[in-house]
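Everything on this sheet refers to the single structure shown next.
Chain identifiers are assigned alphabetically (A, B, ...) following the order of the sequence lines, protein sequences preceding nucleic acid strands; residue numbering begins at 1 within each chain. For the numbers below, each heavy atom of this structure counts, side chains included, while hydrogens, waters and symmetry mates do not.
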Protein chains: 2
Amino acid sequence: MTKYQMVKQAIKSKILNGTYLPNEKISSENSLMKEYGVSRHTIRMAIGELVNEGWLYREQGAGTFCSDRLQTEAAPQKQSKTIAIITTYISNYIFPSIIRGAESYLSDQGYQVSIFSTNNDIESEKRILETILSQHVDGIIIEPTKSAYSNPNINYYLNLERTNIPYIMINAFYDELEPLCLVVDDEKGGFLQTEHLIKQGHKKIIGFFKTDDAQGVKRMKGYIKAHRANQITIDPNYIVTYQSEEKETKPLAELERLLTNEQSIATGIVCYNDELAIKLLDVLREKNLHVPNDISMVSFDDSFLAVVSEVKLTTIRHPQNQMGEDAAKMMVELVEEKHANKKKDIVLNSVTYEPELIIRQSTKHQGVPETN
Amino acid sequence: MTKYQMVKQAIKSKILNGTYLPNEKISSENSLMKEYGVSRHTIRMAIGELVNEGWLYREQGAGTFCSDRLQTEAAPQKQSKTIAIITTYISNYIFPSIIRGAESYLSDQGYQVSIFSTNNDIESEKRILETILSQHVDGIIIEPTKSAYSNPNINYYLNLERTNIPYIMINAFYDELEPLCLVVDDEKGGFLQTEHLIKQGHKKIIGFFKTDDAQGVKRMKGYIKAHRANQITIDPNYIVTYQSEEKETKPLAELERLLTNEQSIATGIVCYNDELAIKLLDVLREKNLHVPNDISMVSFDDSFLAVVSEVKLTTIRHPQNQMGEDAAKMMVELVEEKHANKKKDIVLNSVTYEPELIIRQSTKHQGVPETN
DNA sequence: TCCGATTTGTTCGTATGTATG
DNA sequence: GCATACATACGAACAAATCGG
């Protein structure tokens, strides 16, 4: 922050907190010089910008005065830029962290952040996109809804491109659009999850995958690849897929079913995410199965939920905050590039985060006797 | 006409008559000095005003360029109303739920929702209030920062009132302002927590309270009152207070200290919230103490964290979603009432939510033998 | 009505920092 | 690495407007 910007900020504070009241004369340039210990030129630059922005007005020979903003309320206000963040959920799980990462950066840059949640519902996504297209929004960071399927709202995205509103997708993307996006390498993540268990001697591994989002489909692909790479055949019964709406019921029931089915007992579980893992842990406890002694479990996302239970989960790291912040930075570049109507040559590229296995206590070698 | 105005006029002419084409670099400040025979400062003033008016843009190291005015001439967009939600945190704990409650209602009503987080830092709160006052915002739902202390940003709140921007406080409020607010009856909540343990025969009860927020102070008051009402004396060592910044360390260390101190072992714990309770559970596990067999624990907020561990927590209900939604409804009423400048007779009142104890498995009668 | 003190407006000179090509 | 160009900062001087006595 430069000197004149600091002075400007300080003066602005005094306007905003009521130290300088409307139409009141503020200190003279000379006194401000002494007060802030800077040259008159610096004071004049600070005041100059505030005058330009409408906070103050000057009268030669008389002084500088605080404007009365209330009247100008009618006039079109200097509008700060707004970025919309659309996620499937805003109150659950890792989404708050992603939002926070973006929010903190955007706020620092003077952007306003509006949030919307689709609840993973296509209709809701449509309504939100309509809202955004009819309001004034400068950019959109969006986690696509039901990304595993082709999207009937595709027109809205094309319309965004036509009206020159930049958008960035996070976590997943619609294949048809080939948008700028930030995603975890979910296939590799699924591979790492499964490989970890296989290396520990597990051969019967149940996989739970939410397949209405692209993430789940890709993680499942990794799960299958890991089996193939190690020449282990997969019992088709051991792949459990579910939709968002079923997440509270189906996977739990399926696990229970698989556990009561006496023959061929699984020794490992690959879990779509920590959220599900925590719920599955409840089922296992009820069956008096101990993790990891009786069954190992690998999860995904390394959210706060991973360390919240008595069993600290082995899981794949999801960048969360970082992803939000990176998306925000990218968005700011896009918006500023558009604003300054020259063509910067910088090319923005999509980002794929490398998955990384965080080993905790929910997995152990198959066949090793219990330690306590 | 001053020199710099003449220079400005001359340059503007060259833009208008096409001597300088869009995105073309104009002469450097140095050459303009010679061309017009004035000092560099004068040139800078002329160019400065043209930049402010949007005719030119500057790039450090590269030059000054002519803007392409045609695109930016975009039509004034229709403006929808904006509500700002300011909470201490946005990614943690119950705050996402509160935000979600407000967001879903406001979105339905066609409002735009902007979010900000203070991280419970006064300076940050100040910056956010300044941002909001300088942007266009129609209403504010705010969770006050460090609400147990008197607030140095009080001026900004008064300024909000002066500029007629309605605000509602949630979770806590600054006493001096007597604002519209929605809060849980924290004192009664603390009372219920403690009374529950006392009724189960517990007499040595440790209380953990975060005392930089008004909530913690009030819950502590309830804890003390419950002891008094039952004529139980409190060992001062059993009251542990901490600040937001210490939440990861101090209460955990204090619990450990209290547990290693052999004499007079506590049998119950009253916890500021679920978030802390989960962390204390880790400490207890390490000490091989079982909840509730060895020690009972009552928590606060009934967040998702209450049922996430192997011990499902007995806790006090916090309305979360409901509070957010109620705040949103109230805000919409305020904004519309202000908009339609007739005085509706409806009087909006602050809301106090009755605390309610949710009994789960983290508490049991003192002295009853273990069941398994 | 004028004077003089005060305050903002304009202009010049100089120096150093930092980004660009 | 170097020259160029813009960014920030200090100092000085004089002009023009205002305002109280």
Side-chain angles (χ1 to χ4, degrees), chain A residues 1-12 14-15 20-67 109-110 329 332-333 336-337 339-348, chain B residues 1-12 14-15 20-21 23-67:
Chain A
M1 179 103 84
T2 61
K3 279 195 192 179
Y4 86 89
Q5 282 171 328
M6 287 169 53
V7 173
K8 178 182 167 188
Q9 194 57 51
I11 296 173
K12 192 165 167 185
K14 290 197 175 179
I15 300 169
Y20 295 139
L21 294 171
N23 299 315
E24 194 185 70
K25 183 176 173 304
I26 74 166
S27 319
S28 74
E29 294 176 353
N30 250 308
S31 16
L32 290 172
M33 279 170 67
K34 283 164 201 156
E35 182 175 345
Y36 296 106
V38 295
S39 75
R40 180 154 170 243
H41 183 79
T42 306
I43 297 290
R44 281 188 63 76
M45 283 186 73
I47 290 180
E49 292 207 351
L50 289 169
V51 167
N52 261 319
E53 290 167 22
W55 297 99
L56 300 172
Y57 59 93
R58 298 195 258 215
E59 274 177 31
Q60 189 176 159
T64 304
F65 303 82
C66 183
S67 341
Q109 302 294 311
K329 281 183 185 160
V332 168
E333 294 232 42
E336 319 241 297
E337 177 184 332
H339 191 65
N341 25 27
K342 59 180 169 163
K343 273 275 171 290
K344 276 192 192 164
D345 284 305
I346 52 146
V347 182
L348 288 173
Chain B
M1 177 110 73
T2 61
K3 276 196 196 177
Y4 86 90
Q5 282 170 330
M6 288 169 56
V7 173
K8 179 182 165 187
Q9 194 57 53
I11 296 174
K12 194 167 166 181
K14 290 200 175 180
I15 299 169
Y20 294 139
L21 293 172
N23 299 318
E24 195 185 69
K25 184 176 174 304
I26 73 168
S27 321
S28 76
E29 293 178 354
N30 251 310
S31 15
L32 290 171
M33 277 170 68
K34 285 164 199 155
E35 183 174 346
Y36 296 104
V38 295
S39 80
R40 177 140 175 260
H41 189 87
T42 306
I43 296 292
R44 279 188 65 73
M45 286 186 70
I47 291 180
E49 293 208 352
L50 288 169
V51 167
N52 260 320
E53 290 167 23
W55 297 99
L56 299 173
Y57 61 93
R58 297 197 257 218
E59 265 179 45
Q60 187 174 161
T64 303
F65 303 82
C66 182
S67 7

Closest to the side chain of A:S39, out of D:dA7, D:dC10, C:dG9, is D:dC10
task = Could you tell me whether the phosphate oxygens of D:dC10, OP1 or OP2, come under 4.0 Å of any side-chain nitrogen or oxygen in A:T42?
result = yes
Residues A:S67 and A:G54: closest non-hydrogen pair is OG-O, 2.9 Å
Taken to the nearest whole Å, CG/B:N30 to C1'/C:dT14 is 14 Å
Distance-only criterion, 3.5 Å: show the donor-acceptor pairs between side-chain atoms of residues 58-66 of chain A and protein atoms not counting sequence neighbours.
none

Here the distance between atom P of C:dG9 and atom NE2 of A:H41, to the nearest Å, is 14 Å
- Item | Presence of B:R58 side-chain N/O under 4.0 Å of D:dA5 phosphate oxygens OP1/OP2 | no
A:L56 CG to C:dT7 P, in whole Å, measures 16 Å
Phosphate OP1/OP2 of C:dC12: any B:K3 side-chain N/O under 4.0 Å:
yes
| request: Give a yes/no on whether any side-chain N or O of A:T64 is located under 4.0 angstrom from OP1 or OP2 of C:dT7. | output: no
The helix from C:dC2-D:dG21 to C:dG21-D:dC2: angle between terminal helix axes, five bp per end, to the nearest 10 degrees, reads 20°
* To do: Check whether any side-chain heavy atom of A:M33 lies under 4.5 Å from a side-chain heavy atom of A:N30, and answer yes or no.
  => yes
B:M45 CE to D:dA7 P, in whole Å, measures 15 Å
The reported gap from CE in A:M6 to OG1 in A:T42 (rounded to nearest 0.5 angstrom) is 11.5 Å
The answer to which of A:M1 and B:I26 contacts DNA chain D further toward the 5' end, by nearest nucleotide, is B:I26
Can you find a heavy atom in the side chain of B:I47 that is under 4.5 Å from one in the side chain of B:Y4?
no
Problem set entry | Heavy-atom side-chain proximity of B:I26 to B:L56 below 4.5 angstrom | yes
Exercise. Is the shortest heavy-atom distance from the side chain of A:I11 to the side chain of A:L50 under 4.5 Å?
Worked result: yes
Of the listed D:dC6, C:dC12, C:dG21, the closest approach to the B:R44 side chain comes from D:dC6
Side-chain atoms of B:S28 come closest, of C:dT8, C:dC12, D:dC6, to D:dC6
Taking C:dC12, D:dC19, D:dA7 as options, the one with an atom nearest any side-chain atom of B:E29 is D:dA7
Checking C:dG9, C:dT11, D:dA9 against the side chain of B:T2 (C-beta onward), the nearest is C:dT11
Taken to the nearest 0.5 Å, the spacing of A:E53 CD from A:K8 NZ works out to 3.5 Å
Whole-Å distance, B:K25 NZ to C:dT20 P, equals 14 Å
Distances under 3.5 Å between nitrogen or oxygen atoms of protein and nucleotides 15-17 of chain C:
{"residue": "C:dG17", "atom": "N2", "partner": "B:Q60", "partner atom": "OE1", "Å": "3.4"}

d(B:R40 CZ, B:L32 CG) to nearest 0.5 Å is 10.5 Å
From CD1 of A:I47 across to C1' of C:dT7 the rounded distance in Å is 11 Å
Rounded to whole Å, the CD-C1' distance (B:E59 to C:dT18) equals 14 Å
The nucleotide from D:dC19, D:dC10, C:dT10 with an atom nearest the side chain of B:Y4 is C:dT10
To the nearest angstrom, the OH-P distance between B:Y57 and C:dA19 comes to 19 Å
Taken to the nearest 0.5 Å, the spacing of A:Q5 CD from A:E49 CD works out to 7.0 Å
